[in-house]
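Data block below; observations after.
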Amino acid sequence: MTEELKNNNEILLSIRGLEVNFHTYRGIIQAVRSVSFDIKKGETLALVGESGCGKSVTAHAINQLIPMPPGKIDKGEIFFEGKDLLKLSEKEIRAYRGDKISMIFQEPMTSLNPVFKIGKQIADVFMTHHKISKKEAWDRAVRLLELVKIPSPASRANSYPHQLSGGMRQRAMIAMALASPEPGLMIADEPTTALDVTIQAQILRLLAELKAEIEMSVLLITHDMGVVAETADRVVVMYAGRKVEEAEVHDLFEHPGHPYTLGLLNSLPSNEKYKGQTRLEAITGQVPDLLTIGLWCPFENRCKYAKDICRKEFPEKTEVEPGHSIWCHQVGKLD
Amino acid sequence: MKQLLEVKDLKTHFSIKPENLQEKKAVLKAVDGVSFDVYEGEILGIVGESGCGKSTLGRTVLRLEQKTEGLVKYRGSDIYQMSERELKKSRTSMQMIFQDPYSSLNPRKKISSILEQPLRIHNALPKNEIPGKIDALLDEIGLNPKYKNRFPHQFSGGQRQRIGIARALALEPEFIVCDEAVSALDVSVQAQILNLLLDLQDRYSFTYLFIAHDLSVVEFISNRIMVMYLGRIVEYSDKDELENNHLHPYTKALFSAFPSTNPRGRENRKPIVMGDVPSPINPPSGCHFHPRCPVKKDICMKEYPEMKEVAPGHFTACHLY
């Protein structure tokens, strides 16, 4: 596996058979179960699903930001530039965090330090990873604030997080994520969820522009199909810790193959089919408890296509088209 | 259609404590001169970004927040002129569904006692009929009555929101304010709750004031839509008219910022509005939207535009029209 990946220049990050469990006093929560996917160089991959589906845990496993304990990565490999990140020591992984693999968090107010100026917080990233002077680091921070289109960046660098609006704070976070000279992978964990829709549009556009300028890959974690449609190249749909569908973005929206993906798209009031309609086609029921979940298809209890086999085993992968895979026993039988 | 609620020039201002001795007392004009009517049986949607005053408006209309100025008439009687006793009586017909199903249910009370409370406070039913009513309520909102002795933490977010809805239904109201009633929910659950609200409306011909920041949700559920920006209504009309012919630059910005769920055509993106929402403590002069407006004129910086009827039932406050 390693050899194959080393030779494949296309792929930046490869997750293989990842299993993450949380060992709590109530029992073992199976947050992520045998999830595998690749991120190619320069692409935006969206990891989409509802709360508790394991999308954030998967992303945090890359940087090993999962609180351990109670969390534990029980199985799997995460190859980045040919190295298995899960085999690195704490000191070695630190060289990747914030440098080659950077992260944008959902809530900029709680992820920025309230007692330091934002210029200093960005400069810190440079000084951690490179031997440069304070002055030089500060200047680079100002240049980054300019890159993310913060007006009057030189004076804004002297602001504390509470003096900035939500949109500005998220821009500052993005600037911090860009602080490495060649950000390889940017993990954006619900980057616009806490923002108003007009500000969200600005941030999504900024990310698109930055991606065109800097060669980086983006792993976008989101629950919002609208954000996926606007930004992603490829999409991985997760449900209750499992990957259920993977496809190129147009394929996913036009030919969703998994009943859950279909249900998710049908749950959107903005879906064009609801023009003039008075009811939505909602998915019934609720997400199963990850403490007691079985080995079979996790969507079985809410799926209107479910048959006996769905309650027995988790389906194998079916590749319906090159690059479009579905994990469902009833592939092709949805009408 | 019969008028149910009349709101005229309503203002809700909050005074902000100064942070230090030098600072003057500031006034936050959360709702600043809003007029509209709600008709029987309709769903009136209010959409706007955070801090635009939509929630305060919903609360002021129910007298959960004290107004500063203006008039709120429910079925012809001014709810701010009512005595405590009259107000309590009218509360049975006006209810609210709250945003956060986690903080709006008392964690120490069983579901049965949460649902019992409005019935007891208003003496709506004889004691022996209350358990039957609770079962009926739970059945109505799609929860099995056998769960009534559980506590809120034993339910998922969607189920809790159903319980919040059951509580609002308990007194058989006719007017319900839904304040971001589906915003905290996952999209698949959100669809269930939207359907439930519509089913209940069909059955009991409720009137909803539906407040949300999510344009697609408001567009789907409402008959009429009001768009708010910094304490004021900038545009309102029937849903179809607003969808096809929105005029105010802020409404346009809102529509174009809303992510489409069709990935085709995203390459030729529409222009988006830049800048941040200004603080409602010190809103910009003239039209509040002018600092972000792509088509502003000189007059926009000086005068707040009046609300004008541009088509039958379609009103907007913009100097361009």
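Each chain gets a letter, A, B and so on, in the order the sequences are listed, and its residues count up from 1.
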Relative to chain B, which segment of [X] carries a heavy atom at a distance below 4.5 Å: side chain, backbone, both, or neither?
{"X": "A:Val287", "answer": "neither"}
{"X": "A:Gln202", "answer": "both"}
{"X": "A:Glu50", "answer": "both"}

**Asked** So which of A:Val228, A:Val249, A:Val227 has the biggest tally of heavy-atom pairs under 4.5 Å with chain B?
**Response** A:Val249

**Request:** Flag the one option from A:Gly285, A:Ala232, A:Ser267, A:Ala201 with the top tally of heavy-atom pairs under 4.5 Å to chain B.
**Result:** A:Ser267

Between [X] and [Y], is there a donor-acceptor pair closer than 3.5 Å when you use the side chain of the first and the backbone of the second?
{"X": "A:Lys55", "Y": "A:Gly49", "result": "yes"}
{"X": "A:Asp196", "Y": "A:Thr198", "result": "no"}
{"X": "B:Asp186", "Y": "B:Ser188", "result": "no"}
{"X": "A:Glu246", "Y": "A:Gly323", "result": "no"}
{"X": "B:Gln99", "Y": "B:Asp179", "result": "no"}
{"X": "B:Gln154", "Y": "B:Phe151", "result": "yes"}

**Asked** So, do A:Pro191 and A:Leu220 sit near enough that their side-chain heavy atoms are less than 4.5 Å apart?
**Response** yes

**Request:** Give the ring-plane orientation class for A:Tyr260 versus A:His258, where under 30° counts as parallel, over 60° as perpendicular and anything between as tilted.
**Result:** perpendicular

**Message:** Report which part of B:Leu198 has an atom under 4.5 Å of a heavy atom belonging to chain A: side chain, backbone, both, or neither.
**Reply:** both

**Fill in**
Those residues at least two apart in sequence (or on a different chain) that pass side-chain hydrogen bond (donor to acceptor under 3.5 Å, both in side chains) with A:Arg279 are B:Asp199, B:Asp202

**Prompt:** What parts of residues 225-254 of chain B touch chain A if we use heavy atoms and a cut-off under 4.5 Å?
**Reply:** B:Glu243, B:Ala253, B:Leu254

**Complete:** Looking only at B:Gln190, B:His213, B:Glu219, B:Arg292, most heavy-atom pairs under 4.5 Å shared with chain A are made by B:Arg292

**Prompt:** Among B:Asn195, B:Asn262, B:Leu194, B:Val217, which residue forms the greatest number of heavy-atom pairs with chain A at distances under 4.5 Å?
**Reply:** B:Asn195

**Fill in**
Here the gap from B:Gln159 atom CD to B:Gln192 atom CD, rounded to the nearest 0.5 Å, amounts to 9.5 Å

